[in-house]
Protein chains: 2
Amino acid sequence: MSGALMITLSDLEVRVVVFTLQNNQLQVLLHPTGSTDQWMLPGCGLLESDNLESAAADCIEGLTGLKEVFLEQLYTYGDPGRNPQGRVVSVVYFALLAAGSLSLERIGQARAAWQPVCDLPALAWDHSEILAYALRRLRYKLEYSAVGFELLPEVFTLSELQHTYEQILGEQLDKRNFRRRILQAGIIEPMTERRSGDGRPAQLYRYRADAVAEVKARRLFP
Amino acid sequence: MSGALMITLSDLEVRVVVFTLQNNQLQVLLHPTGSTDQWMLPGCGLLESDNLESAAADCIEGLTGLKEVFLEQLYTYGDPGRNPQGRVVSVVYFALLAAGSLSLERIGQARAAWQPVCDLPALAWDHSEILAYALRRLRYKLEYSAVGFELLPEVFTLSELQHTYEQILGEQLDKRNFRRRILQAGIIEPMTERRSGDGRPAQLYRYRADAVAEVKARRLFP
DNA sequence: CCAAAAGTGTTCTATGTACACCCATGC
DNA sequence: GCATGGGTGTACATAGAACACTTTTGG
């Protein structure tokens with residue numbers, strides 16, 4: 001530390017950006033602000049005994065009832081003036097919920113609601129900026145890690161997986177290349193069951209817990 | 001926000017992990033703790049008017065006299081118990097200084113010192129963990145962005161650039177492939193001068209300010 | 001038998017990797 | 001003239017991209 005340690009009291013909070021897939025659309029969990037028809041990212045304060053990540057996890061559990069979610073620190077926002085009510089430092093976490101794992105009543109009790117990412121309501125303060133960054137991070141992570149599985153139920157078909165990728169990346173993917181590469185990667189395994197539907201029944205797969213889910217980035221230089 | 005907003009007062013500080021190259025070695029700026037022979041990452045508190053990033057920039061300017069440095073938020077550490085003197089939340093930034101741009105006297109005045117990353121002294125609290133993460137981030141960023149130039153002076157030779165990469169990545173690179181790819185990428189341009197030295201004089205290059213310095217990550221799936 | 005979604009291979013192109021010798025200068 | 005670091009090109013292997021038809025089920 002250079003010179004004296006200066007300690008400043010700040011309002012410190014944890015906020016969460018929670019994504020899930022519903023109706024084949026990427027959705028984010030938002031909370032009404034109350035006063036206007038604006039919405040905000042859910043969050044909470046920090047108890048003495050909490051670490052930052054478990055505060056975020058508790059917040060998500062309170063809203064959804066889910067304990068095991070993909071959770072990762074996103075960024076810390078602390079500009080003075082980002083909140084007109086005074087200086088607030090927000091440590092923001094980023095979470096993914098598996099489709100179909102939600103207890104919707106609890107969300108209703110908290111008055112929080114899922115909103116489609118492609119058609120968002122107005123957000124308070126700098127929360128639009130935070131959400132845009134979370135979305136960039138989600139897309140980016142999808143490129144080099146197997147984070148897409150976090151949005152799917154435990155058991156899924158290859159078409160469902162591909163639609164998830166297309167939904168998040170916002171582009172169409174080639175079915176044959178997608179299947180070949182994901183099977184080559186060895187990160188999913190077929191189950192004995194198939195799922196009947198509209199056409200030919202689809203093979204069900206599940207994510208392999210022992211999979212190595214990260215891929216080396218392409219280097220700019222050798 | 002779910003239910004009432006809980007506000008907790010915490011000690012909030014900004015810390016910086018500052019890297020530079022000296023004697024062809026990656027170095028990090030550390031500060032003695034005073035009591036034991038342990039060292040720590042430099043840092044400062046947060047003034048009312050500061051945003052987090054400018055607090056980090058001011059801290060680095062105070063130690064080195066440099067205003068324009070590569071600076072990026074690394075992570076926020078806030079576990080209770082990470083500092084035995086009480087709950088401290090540290091927003092940690094990550095900085096790169098160009099080799100040869102340092103005013104060494106100021107560092108001496110603040111009793112901070114450069115320490116080689118390959119042979120570090122003992123660090124206080126969780127600062128080893130923070131430094132290890134910063135190093136991972138540096139290596140990772142090097143893979144997909146042109147962050148390596150931030151550690152070099154404005155003008156450099158291709159061999160110097162290659163040595164920088166080798167130093168950070170910890171592996172040898174092929175000279176011909178390195179040169180071909182970095183020239184193809186179009187992110188550096190030759191200058192009219194050459195630099196005389198021990199053998200044949202080397203062409204000098206500089207980084208092109210208009211360069212696109214990021215490369216698309218390799219996807220896990222198509 | 002028809003609609004609807006599942007499943008399947010090959011060719012071509014681009015990228016990455018491995019590798020060894022000559023060149024220009026200072027002493 | 002020799003020691004020192006600078007500079008150059010080619011052949012091979014791997015990975016990615018483009019592309020269309022057959023299969024299995026339910027109604």
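Throughout, protein chains are lettered first and strands after them, A, B, ... in sequence-line order, and every chain is numbered starting at 1. Treat the numbers as computed from the prediction; the structure is a model and nothing was measured.
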Rounded to the nearest Å, what distance is computed from the [atom1] atom of residue [X] to the [atom2] atom of nucleotide [N]?
X	N	atom1	atom2	value
Arg195(A)	dA5(C)	CZ	C1'	13 Å
Leu161(B)	dG7(D)	CG	C1'	15 Å
Leu204(A)	dA5(C)	CG	C1'	14 Å
Glu171(A)	dA18(D)	CD	P	10 Å
Arg181(A)	dT14(D)	CZ	P	16 Å
Arg179(B)	dG5(D)	CZ	P	14 Å
Gln203(B)	dT8(D)	CD	P	9 Å
Leu158(A)	dA6(C)	CG	P	9 Å

Under the ring pair (Phe, Tyr, Trp, His ring centres under 6.0 Å) test, which residues partner Tyr93(A), sequence neighbours left out?
-> none

Sequence-distant partners of Phe156(A), ring pair (Phe, Tyr, Trp, His ring centres under 6.0 Å), two or more places apart =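 With neighbours one apart ignored, the set is Phe149(A).
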
Taking C-beta and beyond as the side chain, do Leu97(A) and Leu21(A) meet within less than 4.5 Å on heavy atoms?
->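 Result no, sub-4.5 Å side-chain heavy-atom pair not found.
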
Applying side chain to side chain contact (heavy atoms under 4.5 Å, CB included), name anything that partners Asp79(A), two or more places apart in sequence or on another chain.
->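 Residues passing side chain to side chain contact (heavy atoms under 4.5 Å, CB included) with Asp79(A): Arg82(A), Asn51(B).
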
What donor-acceptor contacts under 3.5 angstrom involve side-chain atoms of residues 186-201 of chain B, with partners at least two apart or in another chain?
residue, atom, partner, partner atom, Å
Glu189(B), OE2, Arg206(B), NE, 3.2
Arg195(B), NH1, Glu160(B), OE1, 3.3
Arg195(B), NH1, Glu160(B), OE2, 2.4

Hey, does Ser159(B) reach any base, or is it just sugar-phosphate, or nothing, if we go heavy atoms under 4.0 Å?
->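 Touches sugar-phosphate only.
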
Letter by letter from the 5' end, nucleotides 18-27 of chain C scores (B base, S sugar-phosphate only, - none; protein heavy atoms under 4.0 Å) BBB--BBBS-

Pairs involving residues 147-159 of chain B, ordered by first then second residue, that meet salt bridge (charged side-chain N to carboxylate O under 4.0 Å, His left out) (sequence neighbours left out) |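 Counting only pairs at least two positions apart or across chains, no salt bridge (charged side-chain N to carboxylate O under 4.0 Å, His left out) contact touches residues 147-159 of chain B.
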
